[in-house]
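Here is the structure we will look at.
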Amino acid sequence: MTRAHVIGAGLSGLSAAVALTKAGYQVKLSEAAAHAGGRCRSYHDPALEMTIDNGNHLVLSGNKAVADYLATIGASDRLIGPDEARFAFVDLDGDIRWHLRPNLSRTPWWIASRHRRVPGTRLWDYLKLARLLRPPPGARIGDIGDLEGPVWDRLMTPLLLSALNTDPAEASAALAAAVIQETLAQGGAACCPRVVAHNLAATFVEPALAWLAGRGGQIKLGRRLKEIKFSGGRLVALSFADGDTVVAGHEPVVLAVPAWVAADLVPELVVPDAHRAIVNAHFRFAPPPGAEPIMGVIGGTAEWIFAMHDRFSVTISAADRLWNEDRAALAARLWSDVARAYRLSDPLPAWQIVRERRATFAATPEQDARRPGPVTRWPNLMLAGDWTQTGLPATIEGAIRSGRTAAAHVQSPGETHAGR
Ligand SMILES: Cc1cc2nc3c(=O)[nH]c(=O)nc-3n(C[C@H](O)[C@H](O)[C@H](O)COP(=O)(O)OP(=O)(O)OC[C@H]3O[C@@H](n4cnc5c(N)ncnc54)[C@H](O)[C@@H]3O)c2cc1C
């Protein structure tokens, strides 16, 4: 059995490891941290005395790579959500509330229904969004004129800000188009919200590790790759803190580490080098019965609120502006948004703020142009990660796809290099 090496056990590395195992390789997966999952992880938080995720992760029913990955590792039931595309929103200025409810089929008749669309909008406001679907090359969303109005403020800005983790004005219109093509343009059946049943680790990580271990995969946590050695046009060795691993001529390596680590290990790589933060606030407070599981917030600091059985969690995208803000003041401000959104009068409960400075690459046209494909000039070195050229912004769907793509190139290297 041929050995394959995967470096990094985030979702792209786990996805590559799963795909390579399915293809008959014996996988050796090395991860620097003491836990797998990377930016999609769970941990016990002493301040809250509960297990929380580093950040809320929302995926959609149309995320096919996510669905395939979970089916393979036997974890499809660990992602939950309704069989309809239904999103609650509140505009805190004026306490206006509505549900966005795209119909399931691809013909978007919901935009003609006042009970399903954004309040205060007309059919034309939606039709003019079509110009977002075929943007000029290299354009920013902000370059595409005449998008303003309530649909923009109350639907497209929250949707694109969270999907791109970048201010829509500066974000890549091509990446926005890709998001819309794979979601709203496919109809409501592709837009049903999905969240984890318990936590990220129990859905995306632990079942994958168990699946790999059960099929002969070797998983080494706490094993940081320090150097890659090349010779004769091939990758020949991987240098870890505990010694070198010789890579025999036919053994493939999938490098599934963050962009900045990949660039350190392989200095000639061009990779995205600007990132955006995500801030999450977690509050130990059991939501009232019947509370909306997810609420989009307009006019507050909070952008999306997730009501889990034992806590509320708040997400703020492109949150670099909040980096130096006092944590206690931020928690109080965000709890005030939660209390207004869910009509609560309770004082600030136990809280935690989790800030991820380099949560995703900045989804600008310039950064998108720096994303490499899966192949390198060394035939046995492939790249994976949400920052590689997946055609999507940095998302779970993109990360899982990238791992699968890298594995597919491993299996057909002739095709790969002929195509470069
Ligand atoms: C707070 C937050 C919220 C998010 N919300 C969403 C969401 O709602 N929906 C969505 O789809 N996406 C979301 N994302 C994005 C999603 O989490 C990422 O796209 C995905 O997890 C990236 O996976 P990855 O494998 O590409 O990278 P990573 O998760 O960064 O994995 C890389 C791995 O490589 C390891 N590593 C680094 N250096 C070395 C080395 N030298 N040797 C060995 N291993 C190494 C790291 O420890 C890490 O485990 C969110 C991200 C964050 C941070």
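These numbers were taken from a predicted model, which means no experiment stands behind them. As the structure lists them, so they are numbered: ligands from 1, and atoms in each ligand from 1.
The option with the heavy atom closest to atom 52 (C) of ligand 1, from among Thr388, Ile278, Thr360, is Ile278. Residue Val261 holds the heavy atom nearest to atom 38 (N) of ligand 1 of all those in Leu29, Val261, Asn56. Residue nearest to atom 51 (C) of ligand 1, selected from Arg357, His57, Glu356: His57 (by heavy-atom distance).
For Glu182 and Asn63, the side-chain atoms include no donor-acceptor pair closer than 3.5 Å. In the model, Glu292 has a side-chain atom that pairs as donor or acceptor with a side-chain atom of His99 under 3.5 Å. The closest side-chain donor-acceptor pair between Asn54 and Glu356 falls under 3.5 angstrom. Side chains of Arg78 and Thr203: a donor-acceptor N/O pair is absent below 3.5 angstrom, by distance only. Counted by atom type alone, Arg371 and Thr390 present one or more donor-acceptor pairs between their side chains at under 3.5 Å. In summary, the side chains of Tyr43 and Thr51 do not present any donor paired with an acceptor at a separation below 3.5 Å, with no hydrogens or angles considered. A donor-acceptor contact closer than 3.5 angstrom is absent between the side chains of Arg276 and Thr360.
Atoms of ligand 1 lying under 4.0 Å from any heavy atom of Gly10, numbered from 1 in the order shown and given with element: 25 (O), 29 (O), 31 (O), 33 (C), 49 (O). Applying the 4.0 Å criterion to heavy atoms of Gly385 picks out, from ligand 1, the atoms 26 (O). Residue-ligand proximity, Cys40 to ligand 1, at heavy-atom distances under 4.0 Å covers atoms 21 (O). Short contacts between ligand 1 and Gly38, defined as distances under 4.0 Å to a heavy atom of the residue, involve ligand atoms 29 (O), 48 (C), 49 (O). The ligand atoms of ligand 1 that sit less than 4.0 angstrom from a heavy atom of Leu11 are 23 (O), 25 (O). Every atom of ligand 1 is numbered from 1 in the order shown, and the set under 4.0 Å from a heavy atom of Ile396 is 10 (C), 11 (O), 12 (N), 19 (O). Listed by number with element, the atoms of ligand 1 under 4.0 Å from a non-hydrogen atom of Ala359 are 53 (C).
The distance criterion of under 3.5 Å between nitrogen or oxygen atoms is met by Arg39 with respect to ligand 1. Between Leu265 and ligand 1, a contact under 3.5 Å exists for no N or O pair. Taking distance alone, with nitrogen or oxygen atoms compared against 3.5 Å, Ala399 stays at or beyond that limit from ligand 1. Residue Ser12 has at least one nitrogen or oxygen atom sitting less than 3.5 Å from a nitrogen or oxygen atom of ligand 1, judged on distance alone. Taking distance alone, with nitrogen or oxygen atoms compared against 3.5 Å, Gly13 stays at or beyond that limit from ligand 1. An N or O contact shorter than 3.5 Å links Ala32 to ligand 1 by distance. At least one N or O atom of Glu31 sits closer than 3.5 Å to an N or O atom of ligand 1.
Side-chain contact between Pro252 and His5: absent, with no pair of heavy atoms (C-beta onward) separated by less than 4.5 Å. Side-chain contact between Leu265 and Ile7 is absent, with no heavy atoms from C-beta onward closer than 4.5 Å. Counting heavy atoms from C-beta on, the side chains of Trp260 and Val271 never come closer than 4.5 Å. Side-chain atoms of Met50 and Asp310, non-hydrogen and from C-beta on, do get closer than 4.5 Å to each other.
With a heavy-atom cut-off of 4.0 Å, Ile7 touches ligand 1 through its side chain alone. The part of Asn280 lying near ligand 1 is the side chain, judged by heavy-atom distances below 4.0 Å. Counting heavy atoms under 4.0 Å from ligand 1, residue Ala384 does not touch it at all. At a heavy-atom distance under 4.0 Å, only backbone atoms of Ala256 (N, CA, C or O) approach ligand 1.
Ligand 1 is never approached by Leu14 to a heavy-atom distance shorter than 4.0 Å. Remark: distances from the non-hydrogen atoms of Arg223 to ligand 1 include one below 4.0 Å.
When the options Leu159, Thr183, Leu100 are evaluated for a side chain to side chain contact (heavy atoms under 4.5 Å, CB included) with Cys191, the one that passes is Thr183.
Seen from the ring of Phe240, Arg223 counts as a face-on cation partner, given the 6.0 Å and 45° thresholds.
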